[in-house]
Protein chains: 2
Amino acid sequence: MTTARERARVELTAAIKEQARKQLVAEGAHQLSLRAVARDLGMASSAVYRYFPSRDELLTALIIDAYDSLGAALEAVERRAGVVEWWCDTWAAARAWALDNRREYELIFGSPVQGYRAPQDTVAPASRVPLALLRIAEAGDPPDGEVSDELREQVLRVTELVGTSLAPGAAARVMVAWAQLFGLLSFELFGQFVGSADPAGPLFEHAARAAAAHVGLTG
Amino acid sequence: MTTARERARVELTAAIKEQARKQLVAEGAHQLSLRAVARDLGMASSAVYRYFPSRDELLTALIIDAYDSLGAALEAVERRAGVVEWWCDTWAAARAWALDNRREYELIFGSPVQGYRAPQDTVAPASRVPLALLRIAEAGDPPDGEVSDELREQVLRVTELVGTSLAPGAAARVMVAWAQLFGLLSFELFGQFVGSADPAGPLFEHAARAAAAHVGLTG
DNA sequence: GTACACCGAGAGCAGTGCTCTCGAATCCGA
DNA sequence: TCGGATTCGAGAGCACTGCTCTCGGTGTAC
């Protein structure tokens with residue numbers, strides 16, 4: 001049975017997070033101020049601490065939501081034709097999400113401000129993204145490939161953990177492609193491409209197809 | 001002729017930047033405080049503003065130095081054997097620099113905190129890195145390749161600007177590899193690989209060779 | 001219905017970036 | 001060499017931050 005106090009608590013927690021997200025979008029993570037959030041909500045700043053023990057915890061909550069939002073966006077991409085198209089559509093969806101949610105993107109793929117990122121809480125939602133890529137790759141039936149013993153061991157631990165049928169060589173290539181995808185997006189959003197490949201759409205599409213080929217997707 | 005005042009000015013400017021760098025390394029860009037720098041230098045905080053008009057300008061100075069340091073580290077890699085080895089050595093040098101200078105790496109490849117990054121000042125030193133990769137690629141004599149018209153146009157503007165003999169298709173692949181390199185490094189340093197490819201050494205070496213092959217380096 | 005846990009508000013602390021003013025040091029031209 | 005102009009350092013001050021503590025009121029559970 002949920003008491004009135006409990007209901008009020010979850011509601012206020014959500015309201016604080018929502019107001020914080022608005023500030024994040026408007027001004028960026030750096031400018032996000034707990035006191036300003038409290039002000040906009042008409043409450044004392046000290047009251048916010050009843051719900052989030054610190055500013056970093058509030059940011060962590062936003063990080064988790066951002067990962068979930070991105071993960072959901074990628075998982076929502078349906079296979080229409082071949083696996084390569086599916087793969088490229090998913091890359092495009094990632095880019096679209098990043099461009100539509102710059103501040104959230106910066107939050108999760110920018111420098112980790114809060115010492116070391118809160119581990120277990122964010123790892124699970126964060127893993128949805130690479131998992132989405134892995135699932136697509138599975139459908140493309142990529143071949144194995146040469147990998148060093150060290151890498152094979154690392155990758156095998158991952159493939160076992162997530163329960164994929166992918167061979168170690170293929171899984172390693174997917175991980176590289178995963179980093180490739182967000183390397184491109186970070187470069188575009190963080191201004192490294194200014195003066196060269198900006199906007200990065202054409203280069204991005206090129207890279208998506210190349211990555212699909214490199215992973216070894218067929219069909 | 002340099003007056004005593006001018007000499008004092010360049011010395012103090014350097015001293016402030018050096019002290020700021022120490023704080024950056026010790027605590028990260030987020031914790032870098034102008035007042036603390038002034039305190040450690042035994043001067044009033046207001047005096048620092050005679051040398052750097054704002055905290056962001058100080059950070060920008062550190063960013064420029066970091067780009068130059070990274071660029072120099074990559075340019076210092078000598079070709080010992082084949083071009084592929086040269087390429088991989090350069091990738092390894094980039095990773096070594098990143099691991100040895102985490103805070104500087106975060107500063108330049110993390111989320112741009114200062115609104116929009118100061119443009120012209122940082123662009124020149126920042127371009128040393130991709131240029132180093134381009135120079136190596138030139139020695140590997142990569143073939144051209146299919147690129148969309150849009151991409152070809154963008155890439156041609158860049159190749160003309162930097163004066164390279166690389167065909168558009170090859171130059172485009174180098175740019176993708178450039179983003180790939182720092183995508184991997186950012187993932188490793190920013191904790192995305194925690195629980196999977198951590199440490200990322202083996203995956204990194206794998207990716208370096210794959211990138212060399214994808215660019216089409218021979219010899 | 002009473003004890004207890006919870007919660008909001010306010011004051012307060014230590015710190016921040018940045019501005020302004022004022023007196024002193026320095027430079028440069030006459 | 002001297003005097004006006006420029007530059008500089010120090011200190012006070014403003015508005016803001018994250019966070020803590022205390023205190024009085026409120027909902028909950030026994």
Side-chain angles (χ1 to χ4, degrees), chain A residues 1-24 26-63 107 112-118, chain B residues 1-24 26-63 107 112-118:
Chain A
M1 145 141 197
T2 69
T3 69
R5 196 177 251 172
E6 277 170 347
R7 263 182 291 116
R9 184 171 181 84
V10 307
E11 267 178 34
L12 237 183
T13 306
I16 292 171
K17 211 165 68 174
E18 195 47 43
Q19 189 63 38
R21 193 191 330 278
K22 279 183 193 161
Q23 278 212 14
L24 169 73
E27 325 229 25
H30 186 64
Q31 301 288 336
L32 178 64
S33 150
L34 233 148
R35 286 179 111 113
V37 169
R39 245 189 331 261
D40 290 351
L41 256 45
M43 62 199 299
S45 66
S46 57
V48 176
Y49 286 87
R50 302 274 185 206
Y51 299 87
F52 294 93
S54 72
R55 197 189 102 113
D56 280 2
E57 291 287 328
L58 217 194
L59 281 179
T60 300
L62 293 180
I63 286 174
L107 194 58
V113 176
Q114 43 255 33
Y116 276 122
R117 193 162 307 205
Chain B
M1 145 139 197
T2 68
T3 69
R5 198 177 246 168
E6 278 170 346
R7 264 183 291 118
R9 185 171 180 85
V10 307
E11 267 177 35
L12 236 183
T13 307
I16 291 171
K17 209 165 69 174
E18 194 48 43
Q19 189 63 38
R21 192 192 330 278
K22 280 183 192 161
Q23 279 212 14
L24 168 73
E27 326 230 25
H30 186 63
Q31 300 290 337
L32 179 63
S33 150
L34 234 148
R35 285 179 110 112
V37 169
R39 244 191 329 265
D40 290 351
L41 255 45
M43 61 199 299
S45 66
S46 57
V48 177
Y49 285 87
R50 301 275 184 204
Y51 299 86
F52 294 93
S54 72
R55 197 189 102 112
D56 281 2
E57 292 286 329
L58 219 193
L59 281 179
T60 302
L62 293 180
I63 287 174
L107 194 59
V113 175
Q114 43 254 33
Y116 275 124
R117 191 162 309 204

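Both backbone and side-chain heavy atoms feed into the values below; hydrogens, waters and symmetry mates do not. Here is the naming used below: chain letters follow the sequence lines, and residue numbers restart at 1 for every chain. From a predicted model like this one, the values you see are computed outputs, not experimental measurements.
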What is the distance, rounded to the nearest whole Å, between atom [atom1] of [X] and atom [atom2] of [N]?
X     : N      : atom1 : atom2 : result
A/R7  : C/dC6  : CZ    : P     : 18 Å
B/R50 : C/dC22 : CZ    : P     : 14 Å
B/F52 : C/dT16 : CZ    : P     : 18 Å
B/Y49 : C/dT16 : OH    : C1'   : 8 Å
A/Y51 : C/dC6  : OH    : P     : 12 Å
B/H30 : C/dG17 : NE2   : P     : 11 Å

Rounded distance (nearest 0.5 Å) linking atom [atom1] of [X] with atom [atom2] of [Y]:
X     : Y     : atom1 : atom2 : result
B/T60 : B/R55 : OG1   : CZ    : 10.5 Å
B/L32 : B/L24 : CG    : CG    : 6.5 Å
A/K17 : A/L62 : NZ    : CG    : 7.5 Å
B/Q19 : B/D40 : CD    : CG    : 4.5 Å

Using a heavy-atom cut-off of 4.0 Å across all strands, would you classify [X] as base, sugar-phosphate, or nothing?
X     : result
B/S33 : sugar-phosphate
A/A8  : nothing
B/R55 : sugar-phosphate
B/L32 : sugar-phosphate
A/L41 : nothing

Proximity to DNA chain D (any heavy atom under 4.0 Å), residues of residues 10-24 of chain A only | none
Could you tell me whether the side chain of A/Q31 and the main chain of A/G28 form a donor-acceptor pair under 3.5 Å?
-> no
Ion pair present between A/R21 and A/E18, side-chain N to carboxylate O less than 4.0 angstrom?
-> yes
May I ask you to verify whether the side chain of B/R35 and the base of C/dG17 hold a donor-acceptor pair under 3.5 Å?
-> yes
Under a 4.0 Å heavy-atom criterion, DNA chain D is touched by chain B from D/dT6 to D/dG13
Taking C/dA9, C/dC18, C/dC27 as options, the one with an atom nearest any side-chain atom of B/S54 is C/dC18
